[in-house]
Amino acid sequence: MNSALALQLFRFGFLILLWLFVFGCTRVIRSDLRTSGQSRVATPPPARRRGKNAAGAPARTPGQPTQLVVTEGGLTGTRIGLTGAPVLIGRANDSTLVLEDDYASTRHARISLQDTQWVVEDLGSTNGTYLGQRKLDGPVPLEVGVPLRIGKTVLELR
C-alpha cells in the first residue's frame, strides 16, 4: 500500500510539473506576440515630413548616408538602400532586414529618418541594441561608420 501511495503522489507531481510547463510556454508566446504588435510603424506628424521632394522621397544632401551595410554576422556584405522609409530589423519575416540570430528579437530595432537625421531605436528587445559600446534606452541619432550591434550582427551607416 505504501508503494501505491508513492506512485500516486509521483503521478500527481508529474501532472503539476506538466501544467506549469504549459503555462510557462503560454506566457512566453503571449509576451512575444504582445511585443511584436507594439512595433507597428506610425506615420510621422506633418512637421517631420520636411526635407522631401515632390515625389515624396527624401531630399538628398551631399554627404548624407545612402545605405546600411552588414559588417559582421551571418549576413555580412548585405546592403540596404536608405530611401527614407523606416528599416525594421529582427527575426520576423516582414522585417526589412531579417536576422537568423538567436540573440535577436522578433521586432528588435528600427532605423528611421527624422528630419534629416537617421535615428535608431530599440523596440523592447530582450538582449538590447548597442550603438558603439552604448546600450540604447531610447531613440539615438545614428552616425556614419559607428557600429550598431544586434545580437551577433553588426551594421554600419554609410
Side-chain angles (χ1 to χ4, degrees), residues 16-52 56-158:
I16 290 173
L17 286 175
L18 181 64
W19 277 107
L20 287 174
F21 176 75
V22 169
F23 286 133
C25 288
T26 304
R27 184 172 159 223
V28 167
I29 291 170
R30 286 183 61 194
S31 171
D32 194 34
L33 288 174
R34 192 175 318 118
T35 301
S36 68
Q38 289 178 349
S39 65
R40 297 285 182 225
V41 178
T43 305
R48 297 240 168 146
R49 292 187 184 202
R50 283 179 270 139
K52 295 195 178 209
R60 295 250 182 237
T61 57
Q64 187 178 16
T66 59
Q67 59 187 347
L68 189 64
V69 180
V70 179
T71 58
E72 291 180 33
L75 297 172
T76 301
T78 302
R79 296 175 183 271
I80 297 173
L82 299 174
T83 62
V87 176
L88 293 172
I89 304 169
R91 290 189 338 225
N93 288 332
D94 62 342
S95 296
T96 310
L97 180 62
V98 179
L99 301 178
E100 306 254 344
D101 187 341
D102 292 336
Y103 298 103
S105 296
T106 304
R107 303 256 186 238
H108 198 100
R110 175 178 40 228
I111 298 172
S112 58
L113 186 61
Q114 295 182 3
D115 293 326
T116 59
Q117 178 73 45
W118 287 98
V119 175
V120 61
E121 69 180 302
D122 186 88
L123 299 175
S125 66
T126 304
N127 295 314
T129 303
Y130 293 84
L131 185 59
Q133 298 297 317
R134 176 181 169 209
K135 184 174 182 178
L136 301 183
D137 55 0
V140 175
L142 188 56
E143 301 290 330
V144 174
V146 177
L148 174 67
R149 186 167 52 87
I150 297 172
K152 296 177 183 176
T153 304
V154 178
L155 307 114
E156 283 184 15
L157 197 60
R158 294 188 181 165

[atom1] of [X] to [atom2] of [Y]: how many Å apart, nearest 0.5 Å?
X      : Y      : atom1 : atom2 : value
Arg107 : Leu123 : CZ    : CG    : 8.5 Å
Glu156 : Arg149 : CD    : CZ    : 13.5 Å
Leu131 : Ile150 : CG    : CD1   : 10.5 Å
Thr129 : Arg134 : OG1   : CZ    : 12.0 Å
Asn127 : Lys152 : CG    : NZ    : 11.0 Å
Thr153 : Leu148 : OG1   : CG    : 10.0 Å

Just by modelled atom types, is the [Y] backbone N or O under 3.5 Å from a matching donor or acceptor in the [X] side chain?
X      : Y      : value
Ser95  : Val98  : no
Arg158 : Gln67  : no
His108 : Gly128 : yes

Exercise for the section: Check the pair Thr96 / Ile89 against side-chain contact (heavy atoms from CB on, under 4.5 Å), numbers first and verdict last. Expected result: CA-CA 6 Å; Thr96 310; Ile89 304 169; over 6 Å; no
Exercise for the section: Sort and list the pairs that fulfil salt bridge (Lys or Arg N to Asp or Glu O under 4.0 Å) and have at least one residue in residues 120-132, not counting sequence neighbours. Expected result: Arg110-Glu121
Side chains of [X] and [Y] in contact at under 4.5 Å (non-hydrogen atoms):
X      : Y      : result
Leu82  : Leu157 : yes
Leu97  : Leu155 : yes
Thr76  : Thr71  : no
Leu68  : Val87  : yes
Pro141 : Trp118 : no

Practice task
Can you see which heavy atom on Val119 is nearest to which on Pro139, and at what distance?
Solution key: CG1-CB, 3.6 Å
Handout entry: Minimum-distance pair of heavy atoms, taken over all atoms of Ala104 and Leu99
Key = CB-CD1, 3.9 Å
